[in-house]
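These notes concern the structure reproduced below.
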Amino acid sequence: MTELGRLEDLPADYVQDLRKLNLVPLWPSLRAVLPPGKPRPNTQPTCWSYEALRPLLMRAGELTPMEKAERRVLVLANPGHGLDNMKASAAMYLGMQLLLPGEWAPSHRHTPNAVRMIVEGEGAYTTVDGEKCPMSRGDLILTPTGLWHEHGHDGTAPVVWLDVLDLPLVYYMETSYAIEGQRQTVQPGRGDQVYARGGLLPTPVFTRSSKAYPMLRYPWAEARAALQALGQDRPDQEAVQITYVNPETGGDALNILGFYALMLRPGQTLRLPARSPASVFHVIEGGVAATIESSEFTLAEADTCCAPGYTAVALRNRSADQPAFVFIADEAPLHRKLGVFEVRA
Ligand code: GTQ
């Protein structure tokens, strides 16, 4: 690969003349924007311990009342992107949100898509597009782009969930904004009830739902049972994994980020090939060792880590007699739609 001319090789007055006309030479930056062979991600393998962050989140509950926070969230920021940029990866934002008993996070809607993975506590709920979705540990709740959502809590102990948003991408596109709204009226209709059985779709008056997002809550009890059934049905199969999909179309649950649940058999090590999208791994149950490039993370329940794209990842169940369950978020739907998705063998 030939060395290209540097900016310093050019006469300073020439560079100044260019800049006055809003012009820049490409060749000094060409190798940076088109690196040879593979991208140079800013995303660093990073791990966030729930045990370490939990007291700080609870402290936020004492320091900042809901009225002053609107959403009481500690952002899981990747140092490779600069902490203040609030990115886990190029397209993914992660946050741990705390709602205390009796609190209310008011209704709003925004262009970024969000999901919540419930980490701790009972009695909270989020109302999305008029559907009241109860929150229990391991449940996945969607708040797709443009849909009203608000969070409430009728229980007696703190509730914490992991927010995953495509905010960095939507912000980068200069399309990120929110609108504040009124408290929603809960409407009849529960997607988690009527789509609870695979292969069977509700068909009122001979037509199927035309809602873009017919299912908003994916209960953990169902996802866990599906993983156990899959593991038992196919003992020969290495990866026991399910994808959260739109039950009407079979496509990804949301347009930009993908969501999956994985069961690691007792003692299993699963090697995931290097793929273009960055990934996030969050332990729902059990203990996992994650090897990402030269980083080795020991993850306990509720811990979260992220891996850059173009990187092989190995996940090992640290228990010899219990399965481990991992929630995964990635940028695969985005990469597929843009035609940049790759798997490197
Ligand atoms: O719960 O609506 O972590 O609007 C960031 C932005 C959560 C939310 C976040 C949000 C929310």
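Any value given below was found using the heavy atoms of this structure, including those in side chains, with hydrogens, waters and symmetry copies removed. Start at 1 and go down the list; that is how both ligands and their atoms are numbered.
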Name the closest protein heavy atom to atom 6 (C) of ligand 1, giving the residue it belongs to and the distance to 0.1 Å.
L165 CD2, 4.0 Å

Identify, by atom number and element, the atoms of ligand 1 in contact range of Q97, meaning under 4.0 Å from any of its heavy atoms.
1 (O), 7 (C)

Relative to the heavy atoms of H151, which atoms of ligand 1 are at a distance of less than 4.0 Å?
1 (O), 2 (O), 8 (C)

Looking only at protein heavy atoms, which one is nearest to atom 5 (C) of ligand 1, and what is the separation?
Y93 OH, 3.5 Å

Among all protein non-hydrogen atoms, which one is nearest to atom 8 (C) of ligand 1, and what is the separation to 0.1 Å?
R71 NE, 2.9 Å

Side chains of E150 and S107: donor-acceptor distance under 3.5 Å anywhere?
yes

Decide if atom CD of E174 counts as having more than 12 heavy atoms of other residues, nucleotides or ligands within a radius under 6.0 Å.
no

Report the nearest protein non-hydrogen atom to atom 7 (C) of ligand 1: residue, atom name, distance rounded to 0.1 Å.
D163 OD2, 3.3 Å

Using the ring of W161 (Phe, Tyr or Trp, six-membered ring only), decide whether R137 places NZ or CZ under 6.0 Å from its centre and within 45 degrees of its axis.
no

Hey, what do you get for CG (D139) to CZ (R217), rounding to the nearest 0.5 Å?
4.0 Å

Using heavy atoms and a 4.0 Å limit, tell me yes or no: is H108 in contact with ligand 1?
yes

Flag this pair as yes if the NZ/CZ of K132 is under 6.0 angstrom from the six-membered ring centre of Y125 and inside a 45 degree cone about the axis; otherwise no.
yes

Run the numbers for me: atoms of ligand 1, each under 4.0 Å from some heavy atom of V73, listed by number.
3 (O)

Centroid-to-centroid, H110 to H108, below 6.0 Å?
yes

